[in-house]
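Chain A is the first sequence line, chain B the second, and so forth, proteins listed ahead of strands; every chain is numbered from 1.
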There are 2 protein chains.
Amino acid sequence: MTRDEILEAAAQIFRQKGYHAASMQDIADAVKLQKASLYHHVNSKQEILLALLDQALDLLIEGMEKVLALDLPPEEKLRQAMLTYLQIMLEERDLSSVLLLEYRSLEPEYRQRHIPRRDHYESLWRSLLIEGAEQGVFVISDVALVSRFLLGVMNWTITWYREDGPLTPAELAQECANLFVLGLKRRKDEDG
Amino acid sequence: MTRDEILEAAAQIFRQKGYHAASMQDIADAVKLQKASLYHHVNSKQEILLALLDQALDLLIEGMEKVLALDLPPEEKLRQAMLTYLQIMLEERDLSSVLLLEYRSLEPEYRQRHIPRRDHYESLWRSLLIEGAEQGVFVISDVALVSRFLLGVMNWTITWYREDGPLTPAELAQECANLFVLGLKRRKDEDG
DNA sequence: ATCAACCTACCGACCGTTCGGTAGTCTTAG
DNA sequence: CTAAGACTACCGAACGGTCGGTAGGTTGAT
């Protein structure tokens, strides 16, 4: 049994039940250990949660930085960023769900460590939008607001997306991007 | 002390801590009763949660039905619906947060009672979009998907909106509607 | 012999809920 | 007008159970 296996099981249970409804006993059962044995690998339940949030954010930051480094026109870069985000979200659902929904269960001391990284990630999205605006491709009055709209649509997908449904993550990303890109792009009838 | 006062306090605490992290003791403290006295007014903690979800959904359904009854072109009706939704969400934040985030804590028996009403509400949004599509004003390939996108953006606002921030709910609704309406409307360069 | 991995046994705290009881108020028969 | 009875609102104490976490011992590979 490794720490990572415990974290993985914990993510699944946290997602299903929520942090507070999930007990260390549940996690122990899932990895077929005694509850006390978990404490050989982790220091506390809160530490598990923090580790999961860190993992999730690492994935997202890594994905976003790769996209930002690409040499693409803003519109394509935005599409690529949305695709990457949704793919991570929907392929690592346990982790993502914990990041988005169980974040509130972090106790203050741990939260302080987490918030700056979260802010950093959001700033990556803003920089993408700013790039598009500076090149005159996007028309955006409030970059912070639009980035929240963007992340909002995508974040909410984890509450309703079904793997056995009609859409693949890639198709979903495309539909989503279509809707937004049209709303952001300078229209033909607009002046320069 | 009335049942409604207890529900109101419970909503606030559920929003702050989450259902499972909130204790009956917390609620009792908030209304300055002994924990046991709560059971004179409510039957269980789960019943409180269900009552709050019902209250929230009642508000939203009522608002939506009023908007649907208006005699407006589809675009204006959509804008009005979004405004109404966001106003309710942001003016009744405790209730709305519980609806969106604590819904998962409903136990199966209670959930079965709640789900049909929730589905009904979402169908109201779909019918609005269908109306616009049939009149040729909106171009929508997948109504269910678009309605989820719409609700997703708006639902996520409760996680970041600050009352002391720069935007009123009405301004927020307008920005949000602008983005979406552009993505949905038939463009000039499209054929008929 | 060492040490990681895991165990049994246990701790105090708190959970939602129930119980028996007590003021105070309202109703109604004499 | 009064007194008995019923009803509402609330309380203190306790229930069985679960919580996260700890102490200390056993196992087995190196």
Side-chain angles (χ1 to χ4, degrees), chain A residues 1-54 94 98 101-114, chain B residues 1-54 94 98 101-114:
Chain A
M1 185 55 49
T2 68
R3 181 184 155 103
D4 275 349
E5 289 177 272
I6 292 172
L7 292 181
E8 198 179 324
Q12 198 177 110
I13 294 167
F14 285 176
R15 174 186 160 203
Q16 279 168 8
K17 301 191 165 191
Y19 176 80
H20 278 105
S23 69
M24 293 298 274
Q25 189 65 62
D26 291 332
I27 300 172
D29 291 347
V31 296
K32 297 194 169 83
L33 282 185
Q34 291 301 311
K35 183 178 60 156
S37 309
L38 293 177
Y39 288 88
H40 181 69
H41 303 275
V42 300
N43 291 319
S44 70
K45 195 184 174 187
Q46 275 284 306
E47 193 207 70
I48 295 179
L49 179 57
L50 184 62
L52 292 176
L53 295 181
D54 279 345
D94 294 334
V98 172
L101 301 174
E102 307 306 330
Y103 155 80
R104 300 176 309 146
S105 298
L106 259 194
E107 282 162 20
E109 39 207 315
Y110 288 81
R111 199 177 311 203
Q112 282 186 358
R113 276 204 265 160
H114 181 70
Chain B
M1 183 55 49
T2 67
R3 180 183 156 102
D4 275 350
E5 289 176 270
I6 291 172
L7 292 181
E8 198 178 324
Q12 198 176 111
I13 294 166
F14 285 175
R15 174 185 160 204
Q16 280 168 6
K17 300 191 165 192
Y19 176 80
H20 279 107
S23 70
M24 292 299 274
Q25 189 65 64
D26 291 332
I27 300 171
D29 291 347
V31 295
K32 295 195 171 87
L33 284 184
Q34 289 302 309
K35 185 173 56 155
S37 308
L38 293 178
Y39 287 85
H40 181 71
H41 302 274
V42 300
N43 290 319
S44 69
K45 196 184 172 188
Q46 275 284 306
E47 194 206 70
I48 296 179
L49 179 56
L50 184 63
L52 293 176
L53 295 181
D54 279 345
D94 294 335
V98 172
L101 301 175
E102 308 306 330
Y103 155 80
R104 301 178 307 146
S105 299
L106 258 193
E107 283 161 21
E109 39 206 315
Y110 289 81
R111 199 178 310 202
Q112 282 186 359
R113 276 205 264 159
H114 181 70

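Within the structure, every side-chain polar atom (N or O) of A:Ser23 is placed at least 4.0 Å from both OP1 and OP2 of D:dT18. Taking 4.0 angstrom as the limit, B:His40 places a side-chain polar atom (N or O) nearer than this to OP1 or OP2 of D:dA9. In terms of phosphate contacts, B:Ser37 brings no side-chain nitrogen or oxygen within less than 4.0 Å of OP1 or OP2 of D:dA9. At the phosphate of C:dC6, OP1 or OP2 sits under 4.0 Å from a side-chain N or O atom of A:His41.
Across all strands shown, B:Gln34 has heavy atoms under 4.0 Å from sugar-phosphate atoms exclusively, and none from any base. Here A:Ala22 lies in heavy-atom contact (under 4.0 Å) with sugar-phosphate atoms only.
Salt bridge B:Arg3/B:Glu47: present, at least one basic N to carboxylate O contact under 4.0 Å.
For A:Met24, the side-chain atoms get nearest to D:dG20 when compared with the rest of D:dC11, C:dG16, D:dG20. In the set D:dG21, C:dT17, C:dC6, C:dT17 carries the atom at the smallest distance from any side-chain atom of B:Lys35.
Shortest non-hydrogen contact noted between B:Ala28 and B:Gln34 is CB-C, 3.9 Å.
Here the P atom of nucleotide D:dA9 and the CZ atom of B:Arg3 are 13 Å apart, to the nearest Å. Regarding A:His20, its NE2 atom lies at a distance of 9 Å from the P atom of D:dG20, rounded to whole Å. Counting to the nearest Å, the P atom of C:dA23 and the CE atom of B:Met1 are 21 Å from each other. Regarding A:Ile27, its CD1 atom lies at a distance of 11 Å from the P atom of D:dC19, rounded to whole Å. Distance, B:Tyr39 OH to C:dT18 C1': 9 Å, rounded to whole Å. Between B:Leu33 atom CG and D:dC10 atom P there is a gap of 5 Å when expressed in whole angstrom units. Taking atom CG of A:Leu49 as the reference point, atom P of D:dG21 lies 12 Å away to the nearest angstrom. Atom CD in B:Glu5 sits roughly 12 Å away from atom P in D:dA9 (whole-Å rounding).
Residue-to-nucleotide proximity on DNA chain C shows that, of A:Ala36 and B:Gln46, the 5′-proximal contact is made by A:Ala36. Judged by closest nucleotide on DNA chain D, B:Thr2 is the one of A:Asn43 and B:Thr2 placed further toward the 5' end.
In B:Gln46, the CD atom is crowded: over 12 heavy atoms of neighbouring residues, nucleotides or ligands sit closer than 6.0 Å.
Ring geometry for A:Phe14 versus A:Tyr19: interplanar angle over 60°, hence perpendicular rather than tilted (30 to 60°).
With hydrogens and angles disregarded, a donor-acceptor distance shorter than 3.5 Å links the side chain of A:Lys45 to the backbone of A:Ala22.
Taking 3.5 Å as the limit, the base of C:dT17 and the side chain of B:Lys45 contain no donor-acceptor pair of atoms between them.
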